[in-house]
Structures are given as C-alpha cells and as structure tokens.
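I have placed the structure first, in the form of structure tokens, so that the comments after it can refer back to it.
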Amino acid sequence: MTSEFQPPYVPLSDVHGALKTTGFALLSAASVGEWLAASPADLAALHTGWNQLPPDAYLKDGGRYRRRRHSCFVVEAGAVQQVSHRAHWQPLEYNALHGGMQRWFEPMEPATVALPVWQRLLARLGDAASALRGAQPWSVEAHVFRIDTTDGIGRPTPEGAHRDGVDLVAVFMVDRHAIKGGESRVFEANGPSGQRFTLREPWSLLLLDDARVIHESTPIQPLETDALGWRDTLVVTYRQGAFQGA
C-alpha cells in the first residue's frame with residue numbers, strides 16, 4: 001500500500017491509458033465537467049435526484065445508514081436506452097454479504113433520467129468501457145447512493161473490499177456534508193499494490209477496471225456528535241453481455 005492520500009488525478013487525455021496501464025483512473029471535477037460538457041448548473045440539477053432517496057431495506061447488518069435508487073440502461077455507440085426495471089443481483093462470489101439476493105430498489109426519478117447531462121454521462125462512460133474492452137452494447141446499472149451517520153457511523157461498502165462482476169465501475173463523488181472518513185482504497189486483484197485517497201471534490205470520478213482491481217470505501221462519521229452528515233455518490237457499472245442475474 002502506498003502512502004498517497006491525495007487523489008492522483010490524471011489529465012483527461014490520459015484517462016483511457018491510465019485505465020489500461022494501472023486498472024484505475026481518477027478525474028478531477030474540472031476534467032469531468034469538460035468530459036461531460038457540463039456546467040456547474042447542469043451538475044447541480046443532476047444532484048437534486050439525491051434529495052428523495054428511499055431507505056435501503058436489504059442491509060444485512062441491520063443498519064439504517066444507506067438510501068438509494070437503482071435503474072438499468074443499455075448503452076451502445078453513444079445511444080442510451082433505459083430498460084425495464086429489474087432487481088439488482090450479484091453472486092456471492094462478488095458480494096459475500098448481499099450476494100444471491102433479488103434486491104428491488106426504487107428506480108431513479110424520471111426527471112433525473114431525462115436530463116441531457118445524464119444522457120451524456122452514460123454515453124461518455126460507454127466510450128471508456130469500449131476503449132477498455134472493445135465497442136459493443138453495454139448493460140448498465142446506475143446506483144444513486146446516500147450514506148449518512150444516522151447510526152453514528154455509515155458504511156459505504158459494508159461488504160468490504162470487493163469486485164462487482166462487471167467490466168467498468170465508475171464512482172462519482174457527488175457531495176460530502178459534515179463528515180470525516182470515506183477514504184477510497186484500490187488494490188490489485190492479483191498483487192500486493194494499492195492506493196488510498198479521499199475524494200472530496202463534488203463530481204470528481206474514480207474509474208475502475210473491475211477485472212484487475214478490488215475496491216472499498218472506509219466508514220464515515222459525523223464531524224460533530226449531534227450533527228447528521230452524509231456522503232452522496234453515483235456508482236455506474238458497465239458489463240458486456242447480459243445483466244447479472246438475467
């Protein structure tokens with residue numbers, strides 16, 4: 001494990017090369033805005049989709065700290081199509097805590113999905129997946145998360161360090177409010193190397209080659225004992241072939 005705590009951002013022009021070379025790439029918020037042709041107002045409009053998130057009713061640790069929505073899409077050659085709502089499913093091989101469960105989360109709000117910036121976001125990530133694995137249709141799952149400190153501590157990845165069983169994982173840091181912790185950790189799946197850093201910039205982005213690395217985020221705590229804090233993220237996965245559990 002290196003001692004690098006500041007996010008090792010790469011230039012936008014190097015994102016595909018970094019993914020192929022190291023298995024992950026980090027983009028600053030400025031680079032993400034340029035990549036998506038998105039203004040701060042565009043991204044603020046997208047963030048409103050985090051304001052009405054239902055509780056996650058499937059947490060096996062009994063926690064109340066996670067709220068989320070989930071929707072599925074197919075992305076091919078820049079075209080984005082939302083598909084019928086389906087359960088989120090992972091095998092135990094990839095999620096020892098919640099694998100094997102048909103988890104039916106509420107879908108993303110239609111107003112969020114209809115935003116032009118949302119369509120561009122999915123298309124650009126499709127470009128990254130195709131640069132990594134070759135151009136093809138992509139089965140895409142989008143997860144809108146809020147982890148809060150209702151229980152005194154919130155766990156972004158209660159399953160621990162893991163892979164998702166897909167090809168590309170995108171983790172957008174959307175917002176941090178009155179918290180400490182939430183460090184991102186990325187490790188080689190078949191080796192000793194890794195990095196740790198804390199994403200703080202709203203709309204900075206971590207891209208992961210899921211075949212080559214495993215990842216996790218450490219728990220969050222409130223900055224003050226009587227204050228509620230939260231961490232908003234958007235996780236989008238791209239998988240060649242069918243959706244998991246199809």
Side-chain angles (χ1 to χ4, degrees), residues 1-38 42-43 46 73 75 77-78 80 94 117-136 138-145 156-157 161-176 182-218 231-240:
M1 173 69 71
T2 73
S3 59
E4 177 64 81
F5 292 93
Q6 294 299 317
Y9 295 127
V10 299
L12 182 56
S13 59
D14 292 346
V15 64
H16 300 319
L19 262 177
K20 289 182 177 180
T21 302
T22 66
F24 76 99
L26 277 161
L27 289 178
S28 68
S31 291
V32 169
E34 179 183 350
W35 199 36
L36 302 182
D42 292 331
L43 296 174
L46 185 55
F73 305 82
V75 175
V80 176
Y94 293 113
V117 68
W118 176 252
Q119 305 293 311
R120 292 198 300 275
L121 182 151
L122 293 187
R124 292 294 177 270
L125 291 176
D127 293 341
S130 291
L132 189 64
R133 297 283 191 268
Q136 59 193 291
W138 293 103
S139 296
V140 178
E141 297 191 55
H143 305 265
V144 178
F145 285 108
T157 52
H162 64 284
R163 292 167 54 210
D164 288 331
V166 297
D167 290 281
L168 179 73
V169 179
V171 183
F172 290 87
M173 167 51 60
V174 179
D175 187 36
R176 290 172 58 100
E183 180 182 84
S184 298
R185 297 178 177 180
V186 181
F187 308 87
E188 288 180 347
N190 298 302
S193 298
Q195 291 216 34
R196 55 196 292 188
F197 43 83
T198 301
L199 295 175
R200 297 185 182 277
E201 286 188 348
W203 294 104
S204 51
L205 170 62
L206 170 61
L207 292 170
L208 303 161
D209 179 348
D210 194 56
R212 293 184 56 189
V213 297
I214 59 177
H215 63 281
E216 66 176 339
S217 297
T218 62
R231 181 178 186 264
D232 289 352
T233 57
L234 169 65
V235 177
V236 190
T237 64
Y238 283 65
R239 186 174 193 266
Q240 54 187 315

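Sequence positions, counted from 1, serve as the residue numbers for this chain. If you're wondering where the values come from, they're calculated on a predicted model, not measured in any experiment.
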Could you measure the distance from the [atom1] atom of [X] to the [atom2] atom of [Y]? Nearest 0.5 Å is fine.
X: Met173; Y: Arg200; atom1: CE; atom2: CZ; answer: 9.0 Å
X: Leu36; Y: Arg124; atom1: CG; atom2: CZ; answer: 7.5 Å
X: Asp14; Y: Lys20; atom1: CG; atom2: NZ; answer: 13.0 Å
X: Glu201; Y: Phe172; atom1: CD; atom2: CZ; answer: 13.5 Å
X: Leu234; Y: Phe145; atom1: CG; atom2: CZ; answer: 9.5 Å
X: Phe197; Y: Glu183; atom1: CZ; atom2: CD; answer: 9.0 Å

Verdict with supporting geometry, Leu208 and Val186, side-chain contact (heavy atoms from CB on, under 4.5 Å)
CA-CA 9 Å; Leu208 303 161; Val186 181; 3.9 Å; yes
Any [X] side-chain heavy atom under 4.5 Å of [Y] side chain:
X: Glu141; Y: Val166; value: no
X: Trp138; Y: Leu168; value: no
X: Leu26; Y: Leu199; value: yes
X: Leu46; Y: Leu121; value: yes
X: Ser28; Y: Ser204; value: no

Notebook entry, point to check: Is Asp209 paired with Arg133 through a side-chain N to carboxylate O contact shorter than 4.0 Å?
Noted result: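 Between Asp209 and Arg133 there is a salt bridge, with a charged N closer than 4.0 Å to a carboxylate O.
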Measure across [X] and [Y] and return the closest heavy-atom pair with its distance rounded to 0.1 Å.
X: Gly182; Y: Thr198; value: O-CG2, 4.2 Å
X: Gly165; Y: Asp210; value: N-OD2, 2.8 Å
X: Ala170; Y: Leu205; value: CB-CD1, 3.9 Å
X: Ala123; Y: Val75; value: CA-CG1, 4.3 Å
X: Glu34; Y: Leu12; value: CD-CD2, 3.8 Å
X: Arg163; Y: Ala189; value: CD-CB, 4.4 Å

Just by distance, do the side chain of Asp167 and the backbone of Gln240 share a donor-acceptor pair under 3.5 Å?
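Answer holds: yes.
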When you measure from the side chain of Tyr238 to the backbone of Leu122, do you find a donor-acceptor pair of N or O atoms at a distance under 3.5 Å?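 Side chain of Tyr238 to backbone of Leu122: a pair is present.
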**Asked** What's the verdict on side-chain contact (heavy atoms from CB on, under 4.5 Å) for Asp175 and Arg231, showing C-alpha distance, side-chain angles and the deciding distance?
**Response** CA-CA 6 Å; Asp175 187 36; Arg231 181 178 186 264; over 6 Å; no
**Asked** For Val213 and Phe187, what are the C-alpha separation, side-chain angles and deciding distance, and is it a side-chain contact (heavy atoms from CB on, under 4.5 Å)?
**Response** CA-CA 5 Å; Val213 297; Phe187 308 87; over 6 Å; no
Stepwise side-chain contact (heavy atoms from CB on, under 4.5 Å) test for Trp35 and Leu125: CA-CA 10 Å; Trp35 199 36; Leu125 291 176; 3.8 Å; yes
- Angle class for the His162/His215 ring planes (parallel below 30°, perpendicular above 60°, tilted otherwise)?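 The arrangement is tilted - the two ring planes meet at 30° to 60°.
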